[in-house]
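Within every chain, numbering begins at 1; the chains are lettered A, B, ... in the order of the sequence lines, protein sequences first and strands thereafter.
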2 protein chains.
Amino acid sequence: MAKSLHSKLTRRERQIVDILYRRRRATAAQVMEDMVGDVSYSTVRTQLRVLEEKGHVRHDAEGLRYVYSPKVPRSTARRSALTHLVDTFFDGSTEKVVAALLGSDGGQVSDDELARIADMVAKAQDEGEQ
Amino acid sequence: MAKSLHSKLTRRERQIVDILYRRRRATAAQVMEDMVGDVSYSTVRTQLRVLEEKGHVRHDAEGLRYVYSPKVPRSTARRSALTHLVDTFFDGSTEKVVAALLGSDGGQVSDDELARIADMVAKAQDEGEQ
DNA sequence: GCAGATGTGTTATAAAAATAGCATATGGCT
DNA sequence: AGCCATATGCTATTTTTATAACACATCTGC
């Protein structure tokens, strides 16, 4: 099994990369905005640079400023994270994840809801993955 | 939004706690077995102790030895992790996660498969969550 | 009842991570 | 042209993490 990309990042690094995945791309200033707790701009920049050195992140120089983005494609990271989560918390059971996703109120899944699943899945598939 | 429990753990700590979630409960020796790379028994024990001090893990003294388990209920950690993953990689879209789970071969979802989802969900719900 | 395997308690230390300061460059605005 | 806000480049330092050694306790089989 391919080891998750995950595991090589430190706490802060993970936090930053996650922000980049959410935003797709962001400047140091934007990343800083999204950080919990207060971290100096300088610190964030340093982390981004280190992340780049380690090969986890890249930047495009846009005019003057750097716009950072994760080097690993979102779809790849996604699958990796999903696999890890399913293994760790759901005994490798896809069904259990689906159940957890749908039963977020802790309640039962009605027939109507099942019908909705079909629609959701079909729709998501149509959208095509970036 | 409640911040994920996740974020407070270091890399190794996260790795260890994940092992505990997979196994539900484990001795230091068992945790060591599951660790990637080789880490000494002593190291693992130290980490477990630190995790316990920090309140992430607890142990039951069973006869002589300690059996460790995560302090945060699996179901809670689960939901938290799932939420974080959905937000980070799936734009908060439950549908997209379901699609990713089902389309693991990158292919389309057939009607048969949709029928299977219904079964899976119903089954998972029956099992009831621990 | 003793030797060896398997545990725990405690403490030390090297390595890595997190944080941030200072110097300098650029772009826009008046 | 000069100033200010916003950037980057480089470097230093503190804090945290990760690792493991050593000492002592308990159980097990002979």
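Atom CG in B:Leu48 sits roughly 15 Å away from atom C1' in D:dT17 (whole-Å rounding). Taking atom CD on A:Glu13 and atom P on D:dT17, their separation rounds to 14 Å, with Å as the unit. With rounding to whole Å, B:Ile16 atom CD1 is found 13 Å from D:dT17 atom P. Between A:Met35 atom CE and C:dA17 atom C1' there is a gap of 13 Å when expressed in whole angstrom units. Residue B:Met32 contributes atom CE, which lies 15 Å from atom C1' of C:dT8 at whole-angstrom precision. If you take CG of A:Leu51 and P of C:dA16, they are 16 Å apart, rounded to a whole angstrom. A:Lys8 has its NZ atom 16 Å from the C1' atom of C:dA17, to the nearest Å. When rounded to the nearest whole Å, the span between CG of A:Leu9 and C1' of C:dA18 equals 15 Å.
Looking only at side-chain heavy atoms (C-beta outward), B:Leu9 and B:Leu51 come within less than 4.5 Å of each other. The shortest distance between side-chain heavy atoms of A:Arg12 and A:Val39 falls below 4.5 Å.
A close approach under 4.0 Å does occur between a side-chain nitrogen or oxygen of A:Tyr66 and OP1 or OP2 of D:dG9. Here A:Arg11 does not reach the OP1 or OP2 of C:dA17: none of its side-chain N or O atoms lies under 4.0 Å away. Within the 4.0 Å cut-off from OP1 or OP2 of D:dT16, not a single side-chain nitrogen or oxygen of B:Thr10 is found.
A donor-acceptor contact under 3.5 Å is formed by the side chain of A:Arg49 with the base of D:dT11. Put simply, the side chain of A:Thr43 and the base of C:dA18 share no donor and acceptor less than 3.5 Å apart.
Nearest to the side chain of B:Ser40, among C:dG9, C:dA20, D:dA20, sits D:dA20. Considering only the side chain of B:Tyr41, C:dG7 comes nearest among D:dA7, C:dG7, C:dA20. When distances run from any side-chain atom of A:Lys54 to the nucleotides D:dT19, D:dA20, C:dA17, the shortest one goes to C:dA17. For A:Arg65, taking side-chain heavy atoms from C-beta onward, the closest of the listed nucleotides D:dA7, D:dA18, C:dA18 is D:dA7. The B:Gln47 side chain lies nearest to D:dT19 when the options are D:dT17, C:dT19, D:dT19. For A:Thr46, whose side chain is taken as the heavy atoms from C-beta onward, the closest listed nucleotide among D:dT19, C:dA17, C:dT19 is C:dT19. Considering only the side chain of A:Arg45, D:dG9 comes nearest among D:dG9, D:dT19, D:dT17. Set against C:dA20, D:dA20, D:dA18, the side chain of A:Val39 has C:dA20 as its closest nucleotide.
Between A:His59 and A:Tyr66, the angle of the ring planes stays under 30°, which puts this pair in the parallel group of the 30/60° scheme.
Distance alone, capped at 3.5 Å, places no donor-acceptor pair between the A:Ser80 side chain and the A:Thr76 backbone.
A salt bridge does not link B:Asp18 with B:Arg22: every distance from a Lys NZ or Arg NE/NH1/NH2 to an Asp or Glu carboxylate oxygen is 4.0 Å or more.
Side-chain contact of B:His56 with B:Glu13: a donor-acceptor pair under 3.5 Å is absent, judged by distance alone.
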